[in-house]
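In what follows, a structure is listed as structure tokens, so that the remarks can point back to it.
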Amino acid sequence: MAVPKKKNSVSRKGLRRAGQHHKLYRKHPMACSNCGAHVMPHTVCGACGFYKGKVVVSVKANETEEAAQ
């Protein structure tokens, strides 16, 4: 049976456990290829409704823009 030869220190254990939290909470917004708004990767743009160069969601215009026209 495999048995560890030496005890892991508290700091080494903490470093191992802390490494997974960075993946969960990272925020790296990208620029939308259509309108240039900041969008999280692999998500539909909320401003224009595009994803990978295609219209996926139709976005309603703002009420102020509709009233002006």
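- With sequence neighbours excluded, the residues satisfying side chain to side chain contact (heavy atoms under 4.5 Å, CB included) with Ser11 are Ser9.
- Among residue pairs with one or both ends in residues 28-57, none qualify as side-chain hydrogen bond (donor to acceptor under 3.5 Å, both in side chains); sequence neighbours excluded.
- The two residues Val44 and Val39 come nearest to each other via the heavy atoms O-CG1, 4.0 Å.
- To the nearest 0.5 Å, the span separating NZ on Lys13 from CZ on Arg17 amounts to 5.0 Å.
- Applying the side chain to side chain contact (heavy atoms under 4.5 Å, CB included) rule to Ala37 yields the partners Cys35, Cys45, Ala47; only residues at least two apart in sequence or on another chain are considered.
- Around CE of Met40, the count of heavy atoms belonging to other residues, nucleotides or ligands within 6.0 Å exceeds 12.
- Under a 4.5 Å side-chain heavy-atom criterion applied to ILVMFWY residues, the cluster that includes Val59 comprises that residue alone.
- Using a 4.5 Å cut-off between side-chain heavy atoms of Ile, Leu, Val, Met, Phe, Trp and Tyr, Val55 falls into a hydrophobic cluster with Phe50.
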